[in-house]
Undergrad: 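Take a look at this one; I'll ask things after.
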Amino acid sequence: MTRTPLVAGNWKMNHTPTQAAAWCDALRAELAADELPEGIELGVAPAFPALPRVAAEIERGLPLTLIAQNAHRELSGAFTGEVSVPMLLDVGCRRVILGHSERRQLFGETDALIARKVRTAVDNHLPPILCIGETEQEREAGRTEVVLEQQLQRGLAEVAPEALDDLVVAYEPVWAIGTGRVATSDQVAAAHAFVRATYAAIAGADRAAGLRILYGGSVKPGNAAELAAIGDVDGFLVGGASLEAESFLAIARAMARTAPS
Ligand code: 13P
């Protein structure tokens, strides 16, 4: 089964709307000079205030999927400071990142809350990018697979497998995020194969064969080609290196070179 690679930038709490517009200009200029090959999806997850600016650039033809960094579990109500799935859809988002380790660690999100958010997103046609990944202590204790299996099973516990056709999973080892310590090819290959096998047990072999599994954690232009060559790596979720359009695109080009033509 062919899986269209997805390279998505997660800007986290960076880039004002003005900076986002400049990033889009830079991306457009780079693409005008040297177009991306067909068969790869590019995405970007700006902070909420920058979403409309990037949505306007997409309407003008910039080839990007607009992604939200988070969403609330409810559709509306008295939740000061929160943003709902219908709001994100209305502004042009077509995916939402859920379960990012920064949400889990810094904002106390549990697997149960993430499962609720996944259900709300799926039920309202905003497909999630579900992030899972072990901490350094968990890896050193030999618990990587247990953690990945739990986060995947629990995160998907409230949705039926047949509703999950557009799911994307991102494997992001916590110790590799923002540290410059990228996981080795062997570690990434083993984790991605394990995630696919685990997903097969949840949703069946056919869906697992079509599941896109992204790697995230210190992906840079210099290491993207080696990671992209791993069979079960279907793209990247890029933090720091996505803040500059040039390095984001260099990573996307490395991924595109491995795409089935
Ligand atoms: P870095 O690429 O900065 O390590 O961040 C990865 C990440 O958290 C993407 O969601």
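In each ligand, atom 1 is the first atom listed, and ligand 1 is the first ligand listed. What you see below is based on every heavy atom in this structure, not just the backbone, and it leaves out hydrogens, waters and symmetry mates.
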Undergrad: At a 4.0 Å threshold, what atoms of ligand 1 neighbour a non-hydrogen atom of Gly217?
TA: 4 (O), 6 (C)
Undergrad: Below a 4.0 angstrom heavy-atom separation, can you tell me which part of Asn10, side chain or backbone, both or neither, approaches ligand 1?
TA: side chain
Undergrad: Which atoms of ligand 1 sit under 4.0 Å from any heavy atom of Ala176?
TA: 4 (O)
Undergrad: Applying a heavy-atom cut-off of 4.0 Å, say which part of Ser242 lies close to ligand 1: side chain, backbone, both or neither.
TA: neither
Undergrad: So does Asp111 pair up with Arg116, basic N to acidic O under 4.0 Å?
TA: no
Undergrad: What pairs with Arg28 under salt bridge (charged side-chain N to carboxylate O under 4.0 Å, His left out), at least two apart in sequence or on another chain?
TA: Asp25, Glu57
Undergrad: Looking at Glu149 and Arg143, is any side-chain nitrogen of the basic one under 4.0 Å from a carboxylate oxygen of the acidic one?
TA: no
Undergrad: Which ligand 1 atoms does Gly178 reach within 4.0 Å, using its non-hydrogen atoms?
TA: 1 (P), 3 (O), 4 (O)
Undergrad: Is it true that a side-chain atom of Tyr199 and a backbone atom of Ala201 form a donor plus acceptor pair closer than 3.5 Å?
TA: no
Undergrad: Has ligand 1 got any nitrogen or oxygen that is less than 3.5 angstrom from a nitrogen or oxygen of Thr179?
TA: no
Undergrad: Considering only heavy atoms of Gly239, which atoms of ligand 1 have at least one such atom less than 4.0 Å away?
TA: 1 (P), 2 (O), 3 (O), 5 (O), 6 (C), 9 (C)
Undergrad: Using the six-membered ring of Phe107, assess whether NZ or CZ of Arg103 lies under 6.0 Å from its centre and within 45 degrees of the ring axis.
TA: yes
Undergrad: With a 4.0 Å cut-off on heavy atoms, is Lys12 touching ligand 1?
TA: yes
Undergrad: Give a yes or no on this: more than 12 heavy atoms of other residues, nucleotides or ligands lie within 6.0 Å of atom CD of Glu244.
TA: no
Undergrad: Which atoms from ligand 1 have a heavy atom of Gly240 less than 4.0 Å away?
TA: 1 (P), 2 (O), 3 (O)
